[in-house]
*Asks:* 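One structure, as structure tokens, below. Some questions next.
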Amino acid sequence: MQQSSPLTSGFGSRADGEIVIGEIGPVAESSSLVIFGITGDLARKKLVPAIYDLAHRGQLPAGFDLVGFARDAANSEPVLRESVITHARRPFDPEVWHTLTQRIHLIEGSFDESPAFTRLASLLTTLDHRRGKPGNYVFYLSVPPSAFSTVCGQLAVVGLNRPAQGWRRVVVEKPFGHDLPSSRALEGVLAQAFPPSSVYRIDHYLGKETVQNILALRFANGMFEPLWNNRHIDHVQITMAENVGVTGRAGYYDGVGAARDVIQNHLLQLLALIAMEEPVGFDADSIATEKVKILSATELLGPLEHTSARGQYGPGVDSGLPVPGLTDEIGFPPDSTTETFAALTIGITTRRWAGVPFYIRTGKRLARRTTEIAVTFTPPAHGSPAARAAAVSNVLVFRVQPDDGIELHIGAKRPGGGMQIQPVSLGMDFRSVFDPAPEAYERLIGDVLRGDSTLFPRRAEVEHSWRIIDPLLQHWATAGRPDTYPAGTSGPVSADRILSRSGREWRAL
Ligand code: BG6
């Protein structure tokens, strides 16, 4: 899309026939991005490669500087270079990297070391003078939530949180707390230093192009919305399956588990996009308003012993090779009760959705990697006994990854005599139609630099998500050990029972 094309807010069409929804957004202003924890896992695997990809596409604003802050930041250039070579989407181009390194500045220091923050303040001022920038700073907290308070406090001491001129934005990563009270406490910490409008909460699923396409499919087409309710939809399944385990992630994952790691954030965001009402516009406020409304009407369905399941992977196989169980992974205690699989049932108490179960499941070390949302329509109720026997449930599937696309399952007559119905599918692969989309972090970092908060969950969304899953976490806290499932399978049998009670089945992995 060309930035110069005339755009409308709401639906509209451009001269070249492409349909646009909403504004593309503001242009990024000259700014400095400070990453706290530049040598950490996330920064190396996602953030620095995404910044390199933005540089490669010429999408960084003029006058951009990247300041990396970490205890071991000095001399980390070779590490960052390596991370770009390994993880960036675009091929490594020494010239692009060389140009970018002219804009990378590293500050060595720990978060409780005041002189390091004084050095940071003076570096930012120097960069502003050198490039004639007004003092626009993004602070990316790529650090554990336990460090938020120290970093925000130090920024406040040196006056970096309040702009004399320019703007301040602060970016925080999940996990945003471990339950509702702790999430509120973290918000309190941020609110002391930064106004609410400058806080960007990252949920990288919202940066995925297929996830944004949920709204386009629902609201840019006329044929789905009339059916999008409990008269025509039987149930919805949201699946995020991964074949990887949590090797090397014990420090983060043990005690966190699957529900906090991805259901509280990524999967409830997918649910909100599938279930929300049409926003009055496609701007950040209108979309957030609808997401908050639907999440506030969302709750766990019980009794939890029947409507939820929890599992932990045991030894098994991945791609034909033996892999250890969770408690044999380095860093996990033998008696760890951390769940690597979680499944639950959600209900939405609106007129549109009353009575439609939303089943959510996620797991590590499952049979394959797939994230999808499957909307199953109610089979036709009328017709002759023969027609009823032949009826199929239509399923609309949003394939988020790895083969992003959309498919619709319908029944068709098999050639030959009689009326033999066979399920067939109509499909669309995004990759065969569109150019490859930016990686999620590339998109989201670009949005922060442009000040577009559309793809960032608001505080109320995060808090509703905790409210929704907290009762399940409390239930599990006293429910003993999770069930075990062999690595490389589709999870514990207890998950199948959630659906079989109502005569339904999970989609095959
Ligand atoms: C992260 C979780 O948020 O998402 C990880 O912490 C998970 O446990 C990852 O593996 C999955 O992201 P993606 O984009 O590969 O689906």
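Side-chain atoms are counted along with the backbone in the values below, which use heavy atoms only and exclude waters and symmetry mates. Because the structure is a prediction, the values reported are computed rather than measured. Just so you know, ligand 1 is whichever comes first in the structure, and atom 1 is the first atom listed for that ligand. When a residue number appears, it is its place in the shown sequence, counting from 1.
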*Asks:* Of the listed options (Glu439, Gln401, Lys208), which comes nearest to atom 14 (O) of ligand 1 when hydrogens are ignored and any heavy atom counts?
*Replies:*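 Result: the heavy atom closest to atom 14 (O) of ligand 1 is in Lys208.
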*Asks:* For the residue pair Arg103 and Phe64, would you count it as a cation-pi contact if the rule is NZ or CZ under 6.0 angstrom from the ring centre and within 45 degrees of the ring axis?
*Replies:* no
*Asks:* May I ask you to decide if the ring planes of Phe111 and Phe36 are parallel, tilted or perpendicular, using 30° and 60° as cut-offs?
*Replies:* perpendicular
*Asks:* Would you say Thr371 and ligand 1 have an N/O pair spaced under 3.5 Å apart?
*Replies:*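 N/O-N/O distance below 3.5 Å does not exist for this pair.
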*Asks:* Under 6.0 Å from the ring centre and within 45 degrees of the ring axis: does the NZ or CZ of Lys174 meet both conditions for the six-membered ring of Phe176?
*Replies:*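 No - Lys174 does not lie over the ring of Phe176 by the 6.0 Å and 45° rule.
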*Asks:* What protein heavy atom lies closest to atom 3 (O) of ligand 1? Include the residue and the distance to one decimal.
*Replies:*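 For atom 3 (O) of ligand 1, the nearest protein heavy atom comes out as His266 NE2, 2.7 Å.
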*Asks:* Quick test: of every protein heavy atom, which one is nearest to atom 12 (O) of ligand 1, and how far off is it to 0.1 Å?
*Replies:* His204 NE2, 3.1 Å
*Asks:* Above 12 or not: heavy atoms from other molecules or residues under 6.0 Å from CD of Glu77?
*Replies:*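 Buried by this count: over 12 neighbours within 6.0 Å.
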*Asks:* Under 4.0 Å from any heavy atom of Arg369, which atoms of ligand 1 are there?
*Replies:* 15 (O)
*Asks:* Identify, for atom 6 (O) of ligand 1, the protein heavy atom at the shortest distance, and state residue, atom and that distance.
*Replies:*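 Ranking protein heavy atoms by distance from atom 6 (O) of ligand 1, first comes Asp261 OD1, 2.6 Å.
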*Asks:* Any atoms of ligand 1 less than 4.0 Å from a non-hydrogen atom of Lys364? List them with their elements.
*Replies:* 5 (C), 7 (C), 8 (O), 10 (O)
*Asks:* What atoms in ligand 1 come closer than 4.0 Å to a heavy atom of Lys174?
*Replies:*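 The atoms of ligand 1 under 4.0 Å from a heavy atom of Lys174 are 1 (C), 2 (C), 3 (O), 6 (O).
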*Asks:* Looking only at protein heavy atoms, identify the closest one to atom 10 (O) of ligand 1 and say how far it is in Å.
*Replies:*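 It is Glu242 OE2, 2.6 Å.
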*Asks:* Would you kindly specify which portion of Tyr253 sits under 4.0 Å from ligand 1, judged on non-hydrogen atoms: side chain, backbone, both or neither?
*Replies:*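 Neither part.
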*Asks:* Give a yes or no on whether Arg481 atom CZ has more than 12 heavy-atom contacts from other residues, nucleotides or ligands under 6.0 Å away.
*Replies:*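 Above 12, so yes.
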*Asks:* Answer yes or no: is there a donor N or O on one side and an acceptor on the other, between the side chain of Arg218 and the main chain of Met276, under 3.5 Å?
*Replies:* yes
*Asks:* Closer than 4.0 angstrom, basic N to acidic O: yes or no for Lys364 and Glu242?
*Replies:*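 Salt bridge: yes.
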